Amino acid sequence: MQLYLPIAEIPVNMFLIFGMGGAVGFLSGLFGIGGGFLLTPLLIFSGIPPAVAVATVTTQVVASSASAVMTYLRRKAIDLKLGTMLLIGGIAGSALGVLLFDLLQSLGQLDVVISLSYVTFLGAIGTLMFVESIRAIRRRKTGVAVRARRPGQHNWIHGLPLKMRFRRSKLYVSVIPILVLGAGIGFLGTVLGIGGGFMMVPALIYLLRVPTGIVIGTSLFQILFTMSAATVFHAIGTQTVDLVLALTLMIGGVIGAQFGARVGQNLRGDQLRLLLALLVLGVGLRFAIDLLIVPDDLYSIAITMGAGA
Amino acid sequence: MIVRMATALILCWALAGSQPGRAEELVASVSSDTVSIQSNFTGTEIVIFGQVIRDTNTIGRRGTYELAVVVQGPPQDITARRKGRFAGVWVNRDYEQFRDVPAFYAVTSTVRIGDMADRVVLDEHEIGLNHLNLAVSGSSAVPLSERDDFREAFLRLRQQQGLYSERHGAVEFLTETMFRTTIPLPANIPVGNYLVKSFLFQDGVLLSRTESDLFVRKTGFEQFTFDFSREYSFVYGIVAVMLAMFTGWLAGVIFKKD
């Protein structure tokens with residue numbers, strides 16, 4: 001069934017979009033990720049203009065993280081104070097992101113920046129996760145005890161000024177790295193159309209040493225509100241949020257996520273991380289190939305003014 | 001459709017009766033002067049038909065009538081870019097900006113455009129893709145020798161998108177003087193005010209021309225959503241967020257496990 005998108009101004013196959021939302025939702029439920037980094041490229045590959053894909057996925061991420069945040073709130077597995085600090089940075093980063101997005105779009109370099117960023121971030125995070133999960137699987141097989149978190153352990157980040165106490169996370173750290181982390185991920189999320197959970201979670205664990213039980217809920221909390229802000233910024237700035245597309249994706253996404261979460265409970269954590277690492281690397285590789293091989297068509301056109309601009 | 005055609009035909013004849021005496025007069029009518037885009041829009045086609053009206057005093061000329069019908073969309077500025085290798089990666093390098101080019105351009109004709117008239121005449125009336133005036137902006141880093149490549153790429157890409165087209169032999173003469181043609185409008189057609197232009201040629205001479213308006217509009221929900229997103233963009237953003245949170249919340253309630 002064809003459905004005309006009022007903002008993208010093209011018709012799409014409703015079931016295809018619904019299916020994509022569902023498939024990505026399934027994976028996001030399985031791995032506990034937002035899935036923006038999969039959905040945005042899928043939409044772009046299927047012919048949705050990149051600007052519409054990026055802006056609309058931010059809205060979809062709001063929906064998918066909203067139901068998860070509710071669950072974590074009930075379990076009291078969110079550090080609201082830490083989340084709020086990350087959020088303050090996130091909103092500032094997101095606003096900057098929309099400005100850059102507009103600029104790149106007018107320069108005609110948006111697509112290449114999106115592709116390069118995907119290659120860089122997905123490649124780096126994917127490799128890290130891959131190595132880490134392989135080690136974890138080996139450790140499990142050889143039976144070596146996993147190193148526990150040592151509360152006294154410090155790195156350079158813990159030496160920064162403007163310290164603040166986060167009770168739930170059992171942390172006493174400077175707000176500077178928290179604001180910077182929030183801003184950085186808000187910025188990338190807005191430009192790339194991703195929630196950034198797959199970057200936020202490792203950063204909170206390895207840099208700030210937030211306890212693992214709190215990390216996912218807090219990260220989701222920050223993503224929910226940063227992406228809400230990004231949606232509003234995109235609606236005002238780039239005006240490319242397509243409500244019809246977003247709604248179709250959301251409905252597919254939230255249904256898929258429920259099934260994914262159920263399947264995920266039957267898999268081991270390290271196996272899940274290995275699968276996710278391979279998935280992340282796969283998407284990164286797809287972008288790398290596009291950048292490196294000779295394009296089918298060297299030319300492209302973009303409307304800069306008038307109908308459809 | 002049949003009813004519309006009939007009305008248009010009657011209109012043609014009515015117009016024919018009221019025309020002052022000139023040698024040849026062309027009247028044409030479009031099946032519908034408004035194309036409405038709704039949620040199930042997957043493209044449509046418009047039917048254009050008309051009649052060549054000959055004054056009774058006109059001496060029968062030799063040669064047959066040739067017709068070209070052009071449907072032209074609102075003007076756009078378009079940037080055409082060419083990728084090049086930069087540090088091993090393919091990125092957009094050179095570009096050329098086309099100013100005030102039609103967002104949509106479809107021409108149908110009885111014979112090949114080039115056989116209908118001189119280049120000068122075709123250029124003047126912008127009949128045929130090769131005769132479109134594609135003005136480029138003054139400042140460009142593209143060497144003169146390569147500018148035609150951009151023009152060609154521009155036309156090729158627009159044709160691929162279905163927004164530019166040229167079809168020969170697609171105007172059908174129903175009688176000696178009555179003609180009919182259909183022009184498909186693709187699903188990705190830009191909204192705006194269009195012009196339908198008909199040209200009558202004989203032996204390379206432009207005998208008559210006529211022009212009428214065509215409106216392509218979104219209607220109902222599509223129009224409302226679009227206007228809303230442009231005029232109240234902040235509220236639109238808030239609505240999008242609310243809708244997303246509500247969907248997420250609803251899913252959480254429906255699928256509640258613990």
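Keep in mind that what you see is a predicted model, and the values were worked out from it rather than measured. Here is the naming used below: chain letters follow the sequence lines, and residue numbers restart at 1 for every chain. Only heavy atoms go into these numbers, but all of them, side chains included; no hydrogens, no water, no symmetry mates.
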Closest approach of [X] and [Y], non-hydrogen atoms and distance?
X	Y	answer
A:Met250	B:Thr247	SD-OG1, 3.5 Å
A:Val254	B:Gly248	CG1-CA, 4.4 Å
B:Ala240	A:Val241	CB-CG1, 4.3 Å

When you compare the side chain of B:Met245 with that of A:Ser228, does any pair of heavy atoms fall below 4.5 Å?
yes
Which of A:Ile236, A:Val232, A:Thr238 passes side-chain contact (heavy atoms from CB on, under 4.5 Å) with B:Ser233? Answer is A:Ile236
Is it true that B:Arg156 and A:Asp297 have a side-chain N and a carboxylate O under 4.0 angstrom from each other?
yes
Hey, mind stepping through B:Val241 and A:Thr59 against side-chain contact (heavy atoms from CB on, under 4.5 Å) and telling me if it holds?
CA-CA 6 Å; B:Val241 170; A:Thr59 320; 6.0 Å; no
Portion of [X] that has a non-hydrogen atom of chain B nearer than 4.5 angstrom:
X	answer
A:Val244	side chain
A:Phe259	neither
A:Ser300	both

Take A:Tyr299 and B:Asp149, measure what side-chain contact (heavy atoms from CB on, under 4.5 Å) needs, and give me the verdict at the end.
CA-CA 9 Å; A:Tyr299 291 89; B:Asp149 297 345; 3.2 Å; yes
For B:Tyr236 and A:Ile7, what are the C-alpha separation, side-chain angles and deciding distance, and is it a side-chain contact (heavy atoms from CB on, under 4.5 Å)?
CA-CA 12 Å; B:Tyr236 180 86; A:Ile7 306 297; 3.6 Å; yes
Has the side chain of [X] got a donor or acceptor atom that lies under 3.5 Å from a matching backbone atom of [Y]?
X	Y	value
B:Trp90	A:Ile293	yes
B:Arg81	A:Leu298	no
B:Arg158	A:Ile301	no

Applying side-chain contact (heavy atoms from CB on, under 4.5 Å) to A:Val112 and B:Phe86, what does each step give before you reach the verdict?
CA-CA 11 Å; A:Val112 75; B:Phe86 179 77; over 6 Å; no
